**Q** 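For reference, the structure I am asking about is given below.
Below, each value reflects all heavy atoms present in this structure, side chains not excepted, and no hydrogens, waters or symmetry copies. What you see is a predicted model, and the numbers here were worked out from it, not measured in a lab.
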Amino acid sequence: QVQLVESGGGLVQAGGSLRLSCAASGGTFSSHAMGWFRQAPGKEREFVAVCNWSGDSAYYADAVKGRFTISRDNTKNTVYLQMNSLKPEDTAVYYCAGAVALDTIVDEREYHYWGQGTQVTVSS
């Protein structure tokens with residue numbers, strides 16, 4: 001059973017940056033595609049970014065493309081989400097998720113493990 005713990009959320013002004021981290025334990029991290037999702041108040045959870053098992057392939061939602069970067073360090077069992085040029089509409093709870101797959105996956109129904117989420121608030 002894989003456990004995921006996110007950190008790095010907080011309050012930031014529009015235009016600022018944050019880096020989220022997600023530490024994994026209890027499984028073979030390098031055999032999982034890792035993704036980030038977010039859920040804003042009153043909205044459904046949505047896909048943000050995903051990287052494959054090695055981190056050399058990534059895919060982003062159009063809303064964050066060019067501003068967010070997903071990366072991973074398999075020696076530290078950690079995946080990151082670097083968020084730049086943040087906008088108020090990026091405000092949400094951000095979730096880290098892992099899928100037992102080597103390639104990138106967008107559909108949240110195919111993810112097996114989820115973290116508890118970390119709040120990101122972007123003020124205007």
**Q** So which atom in Asn52 and which in Asp56 form the shortest heavy-atom distance, rounded to 0.1 Å?
**A** ND2-OD1, 2.8 Å
**Q** Are Trp36 and Trp114 connected in a single hydrophobic cluster, I mean Ile/Leu/Val/Met/Phe/Trp/Tyr linked by side-chain heavy atoms less than 4.5 Å apart?
**A** no
**Q** Check whether any side-chain N or O of Gln3 sits under 3.5 Å from a backbone N or O of Gln1 as a donor-acceptor pair, and report yes or no.
**A** yes
**Q** Could you pull out the closest heavy-atom pair between Ala49 and Tyr60, with the gap in Å?
**A** CB-CD2, 3.6 Å
**Q** Are Met34 and Ile105 linked, directly or through intermediate hydrophobic residues, by side-chain heavy-atom contacts shorter than 4.5 Å (ILVMFWY only)?
**A** no
**Q** Using 0.5 Å steps for rounding, measure from the NZ atom of Lys87 to the OG atom of Ser124.
**A** 14.0 Å
**Q** Under a 3.5 Å distance rule, please check whether Arg45 uses its side chain to pair with a backbone N or O of Val93 as donor and acceptor.
**A** no
**Q** Return the OG to CZ distance between Ser7 and Arg19, rounded to the nearest 0.5 Å.
**A** 9.0 Å
**Q** Side chains of Leu20 and Glu6, heavy atoms from C-beta outward: is any pair under 4.5 Å?
**A** no
**Q** Answer whether the closest heavy-atom distance between the side chains of Arg38 and Val120 falls below 4.5 Å.
**A** no
**Q** Does the plane of the ring in His32 sit parallel, tilted or perpendicular to the ring in Tyr113? Use 30° and 60° as the thresholds.
**A** tilted
**Q** Quick check: is Tyr94 connected to Val79 through a chain of hydrophobic side chains (ILVMFWY, heavy atoms under 4.5 Å apart)?
**A** yes
**Q** Can you name the closest pair of heavy atoms from Arg67 and Leu86 and give their distance?
**A** NH1-CA, 3.9 Å
**Q** Closest approach of Ala24 and Val2, non-hydrogen atoms and distance?
**A** CB-CG1, 4.4 Å
**Q** For Ser17 and Asn84, does a side-chain donor sit closer than 3.5 Å to a side-chain acceptor?
**A** yes
**Q** Using a 4.5 Å cut-off on heavy atoms from C-beta on, say whether the side chain of Thr78 contacts that of Phe29.
**A** no
**Q** Here's a test for you: under side-chain contact (heavy atoms from CB on, under 4.5 Å), which of Thr69, Thr118, Ile70 qualifies with Leu81?
**A** Ile70
**Q** Tell me whether Tyr80 is reachable from Phe68 by hopping between hydrophobic residues (I, L, V, M, F, W, Y) whose side-chain heavy atoms are closer than 4.5 Å.
**A** no
**Q** What heavy-atom pair brings Trp53 and Ser30 nearest, and what distance separates the two atoms?
**A** CB-O, 3.1 Å
**Q** What distance separates Gln39 CD from Tyr95 OH, expressed to the nearest 0.5 Å?
**A** 5.5 Å
**Q** Quick one, Val12 with Met83, criterion side-chain contact (heavy atoms from CB on, under 4.5 Å). Give me CA distance, side-chain angles, the key distance, then yes/no.
**A** CA-CA 11 Å; Val12 64; Met83 306 186 295; over 6 Å; no
**Q** In Å, rounded to the nearest 0.5 Å, how long is the span from OH of Tyr111 to SG of Cys96?
**A** 9.5 Å
**Q** Within the distance-only criterion (no hydrogens, no angle test), does the side chain of Arg72 pair as donor or acceptor with the backbone N or O of Gly55 below 3.5 angstrom?
**A** no
**Q** Above 12 or not: heavy atoms from other molecules or residues under 6.0 Å from NZ of Lys43?
**A** no
**Q** Atom OG1 in Thr104, atom CZ in Phe47: separation rounded to 0.5 Å?
**A** 7.5 Å
**Q** Let me confirm one number: the CD-OG1 distance from Gln119 to Thr91, rounded to the nearest 0.5 Å.
**A** 7.0 Å
**Q** Return the minimal non-hydrogen interatomic distance between Ser54 and Asn74, and the atom names on each side.
**A** CA-ND2, 4.3 Å
